[in-house]
Protein chains: 2
Amino acid sequence: MMDTPLIMTQIIERAEKYFPKKEVVSRTDGGIHTFTYAKIAERTRRLASNLEKFGIKTGDRIGTLAWNHHRHLEAYFAIPCHGAVLHTINMRLSPQHVSYIVNSAEDRLLLIDSDVIPMLETIKDELTTVEGYIIMTDNDELPETTLSPVYHYEKLLAEGNPKQPFIQDLNENAPAGMCYTSATTGNPKGVVYSHRGILLHAIALGLADSTAISERDVALPVVPMFHVNAWGMPFASVWFGTKMVLPGPNFTPKILAELIETEKVTIAAGVPTIWLGLLKELEEGSHDTSSIRAVLCGGSAAPKSMIKTFEQKYSIPFLHAYGMTETSPLVFVSKPKSYQEDLPEDELYELKAKQGLVSPMIEIKVVGQDGEVKADGNEMGELLIRGPWIADEYFKDERSEGTFKDGWLYTGDVVTIDEEGFVKIVDRTKDLIKSGGEWISSVDIENTLMAHEGIFEAAVIAVPHEKWQERPIACVVLKDAYKEQVSQEDIIEFLKPQFAKWWLPDEVVFLDDIPKTGVGKFLKRALRDQLQDKYIKK
Amino acid sequence: MMDTPLIMTQIIERAEKYFPKKEVVSRTDGGIHTFTYAKIAERTRRLASNLEKFGIKTGDRIGTLAWNHHRHLEAYFAIPCHGAVLHTINMRLSPQHVSYIVNSAEDRLLLIDSDVIPMLETIKDELTTVEGYIIMTDNDELPETTLSPVYHYEKLLAEGNPKQPFIQDLNENAPAGMCYTSATTGNPKGVVYSHRGILLHAIALGLADSTAISERDVALPVVPMFHVNAWGMPFASVWFGTKMVLPGPNFTPKILAELIETEKVTIAAGVPTIWLGLLKELEEGSHDTSSIRAVLCGGSAAPKSMIKTFEQKYSIPFLHAYGMTETSPLVFVSKPKSYQEDLPEDELYELKAKQGLVSPMIEIKVVGQDGEVKADGNEMGELLIRGPWIADEYFKDERSEGTFKDGWLYTGDVVTIDEEGFVKIVDRTKDLIKSGGEWISSVDIENTLMAHEGIFEAAVIAVPHEKWQERPIACVVLKDAYKEQVSQEDIIEFLKPQFAKWWLPDEVVFLDDIPKTGVGKFLKRALRDQLQDKYIKK
């Protein structure tokens, strides 16, 4: 067979040649822009020619701090197709972490949205490798800033070469992308994506049994493009000629619902909190969401009640998935097998609430104290993953050792695997509650709480306990209509039929909201910090 | 990213672990057998343990001469997962060609169906590398034969190790399969398939925009397993946990129709002559074919009239595709783009009759006398292909030079490519008719002929002509009801509105059938040999 490499130039060139008329709808602070792939490809070439002018060489890192819009999409291809490394930076991180990340990656240029300028100004003197800031704005003139030197993205493009050739002689194992993931303690850890990994992952997204992204779709990545390459959706969409809708900055559930309706979105991807927000909007407003064939949900576990509401109340098929920054991210998709579709409703939703079946090309092991656990849906073990789009180290980071061992990624997630191969996250190893030598799954209690009609969000954390070592505390956000109407006792009563007595939380704390990470996951660490002194039980 | 190779053990192990209950329905001369993937995987391991006993080493070639059945499927995995090379041999070739092929590949063992024993007996003394014949039969005892030594497949399996480990430390570029393709002149030419090529090709078959093979499907490969790995369908089906139906030896259109009905087949793959036969059966008998979501057709061009009949008369979606032994084979699938679905009926079927849009991961060029042709659907050029499942040479064959040049496969197919990227085969370079310095497409005339209500099959060939260099002759097989009812003049009249006068065939020859290759393609060479003396025009 020919030794042709799997490299990213193939993706954008396929869209350019075979899907020139298909569109990218992009929302920026200046409004809605619609570009064809012909235009996107031309602009990508113009950007790549500027990278050449800046002296960017194969393997150099270029950072982006940007929302989901067409310019970010152009950077997604111009940078790796020029041989450099697309380093997407989480805009929601603290300035200290951004500073660490840019220096750690040695970014030579930063492509940024205007709204991060104030933050970058506070750390600009620390960014020793950055040679320039390219500002992606709809405005004709650049904003006032102390960043220097600054360039105007559109002006650079206007002067760029619309036929700039992409670099073709890349090794498929060469780095193409990079993303830092938050660590429990200390600085974020960098994950490097190869051309090969990105292409194989994108192909997997196109499988009929997976997310089945196709030319027929209209794809809306709500998940930020700075978060694990928006789960690879931009790569798959461009490759397959899929129309894309990019929601831009500061979107609200209302804006999302309107984009879905106007653009006839067929598949949308985001974390559970996004979908909780959308549900609220659908309950209040009137939106036609009939075009959607899949709401893809990952980042953290989606509660069964939410999946049911989407499917039963709004006829929106819900596709639960699992991944990590270290896994590009797709590992599992929870699509029932053909013969499981006739399961009784409750079992079917139990199944859909699991993380799902492993993707082709990826292998997993679930390892307990005595080796691989039984596939019985009960025995718990740590999830280990390997495959061609799984990281094998953190970028120049000593912490790699703890996570990458014997050719496997140790995820730190505690899971069960059932007879059908469906994996269910029970907890993070660090979020499991160890009470009296037994494990309590905080996730199980959370999912049940979320099914309570009055509860909007819930997180369950461990607090130290003298006798039992740890005990669970439930942190609950009530829906507006239920505020002050639901008591701790009501909630404990609600949980009682579902759990052993010793699983029941010792306290229910009512909060206005649950602190979240930059990508919308519950920040249990912050909750624990906030609550543990107050609730130590003697 | 991890350096995990794409190797075939992943495929069978995924079916074994995650789809143990899914079934393979296999028709042999002994009847219908149904095995689960758990059983197929166990039998595959038993076979692999026997290969070890025979001293088969990594890279050794093992030949198969067998129909589509479960034992052949087991060999499909046992051989490459033991590190050896699965060499599928076309059972319909002449004994001389089989002898050449086995010796060229240096096959150490042959796994064979009983019905090839008489043929092999005539060449056994020439097969200098073969150390044994393993006979795949339902019978308890082996048939009488002069082949030696012979082994009973089932008895070997009974003694085999059901937990035999597969070889895991294979390089993804190592050979896994091998298939010889007929040459216009001389001996067949060998194509070697790598593990990487087979896996990437199988993944492409699972893409929603391609054949979309999934766990939900029931796949019926009618195309022989000795013909380009049954187009990769067994690899994709096992990987994705798809139920398979293997039609075995000596099947008739009636048997196919019954299998489709009984097993609720959703996707079936075969050459146009198979589907012509099925159409005849559907016209005569009464069969429920409502389960089919795609009839996949390749090997040679499907006439528009046939596609229309399948879709309009029988509501069976027809999926036209293109490939070659050298291309694993999938290159094009003719699935209209979303915005093409509203085309007027006639344009839509013009489109579906084209070979289609190139698969992701594969690149093409269409090269005429002055470089790449215009994508206007008119300009003709030779099709060049490259990609990770495209061969880069013929096995130890000097003829490689003519076909593999500058990193591209020169297909010898003359094609056009339209504005949407859809490629249409105009002809084989060698089948084009050169009349008075202009090209006539034999395929275009054939397709029009096939739309005539009285015509069952038609082939158009060139015969030498003193003045015009070459002129077309139409060879026509009439449907039974139309025999003696349609004249040469009727047919020429029928063609007149469609073609320039100089394109019209000089003669229409009525035949009882058109000679075909072992895989059901028209054998135009034989027709030319048969007719050229008779019809030389002065």
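From a predicted model like this one, the values you see are computed outputs, not experimental measurements. Proteins get letters first, then strands, A, B, ... in listed order; numbering begins at 1 in each.
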Novice: Side-chain contact test, heavy atoms from C-beta onward, threshold under 4.5 Å: evaluate it for W239(B) versus M361(A) and give yes or no.
Specialist: yes
Novice: So for atom NZ, which belongs to K405(A), do other residues, nucleotides or ligands contribute more than 12 heavy atoms lying within a distance under 6.0 Å?
Specialist: yes
Novice: Check each atom of V358(B) against the heavy atoms of chain A and say whether the ones under 4.5 Å are side chain, backbone, both or neither.
Specialist: both
Novice: When rounded to the nearest 0.5 angstrom, what distance separates CG in N173(B) from CG in D3(A)?
Specialist: 6.5 Å
Novice: Where does S328(B) contact chain A at under 4.5 Å (heavy atoms): side chain, backbone, both or neither?
Specialist: side chain
Novice: Find the distance between CG (L200(B)) and CD1 (I203(A)) and round it off to the nearest 0.5 Å.
Specialist: 8.0 Å
Novice: Check this for me, if you would: do R216(B) and E341(A) make a salt bridge, where the nitrogen-to-carboxylate-oxygen distance has to be below 4.0 angstrom?
Specialist: yes
Novice: Counting only heavy atoms closer than 4.5 Å, note whether S359(B) contacts chain A via side chain, backbone, both or neither.
Specialist: backbone
Novice: Report yes if the side chains of M1(B) and I198(A) come closer than 4.5 Å at any heavy-atom pair, otherwise no.
Specialist: no
Novice: If I measure from the heavy atoms of chain B, does E393(A) come under 4.5 Å with its side chain, its backbone, both, or neither?
Specialist: neither
Novice: If you count heavy-atom pairs under 4.5 Å between each of K337(A), Q10(A), R386(A), E419(A) and chain B, which one has the most?
Specialist: K337(A)
Novice: Before accepting this row, confirm whether a basic side-chain N of the pair E172(A)/R196(B) lies closer than 4.0 Å to the acidic partner's carboxylate O.
Specialist: yes
Novice: Considering only heavy atoms and a distance below 4.5 Å, find which of G421(B), G407(B), G241(B), A391(B) pairs most often with chain A.
Specialist: A391(B)
Novice: Could you check which of G197(B), A208(B), P360(B), A212(B) has the highest count of heavy-atom pairs closer than 4.5 Å to chain A?
Specialist: P360(B)
Novice: Taking the side chain as every heavy atom from C-beta outward, state whether K21(A) and Y339(B) have any atom pair closer than 4.5 Å.
Specialist: yes
Novice: Answer with side chain, backbone, both or neither: which region of L207(A) has an atom nearer than 4.5 Å to a non-hydrogen atom of chain B?
Specialist: both
Novice: Identify which part of P5(B) has an atom lying under 4.5 Å from any heavy atom of chain A, answering side chain, backbone, both or neither.
Specialist: backbone
Novice: Give me the atom names and distance for the closest heavy-atom approach of M2(A) to L409(B).
Specialist: CE-N, 3.5 Å
Novice: Using heavy-atom distances under 4.5 Å, tell me whether I364(A) contacts chain B through its side chain, its backbone, both, or neither.
Specialist: both
Novice: Please flag which part of E215(A) lies under 4.5 Å from any non-hydrogen atom of chain B: side chain, backbone, both or neither.
Specialist: both
Novice: Are W389(B) and T4(A) close enough that some pair of their side-chain heavy atoms sits under 4.5 Å apart?
Specialist: no
Novice: Got S338(B) and K243(A) here, is their nearest side-chain heavy-atom distance under 4.5 Å?
Specialist: no
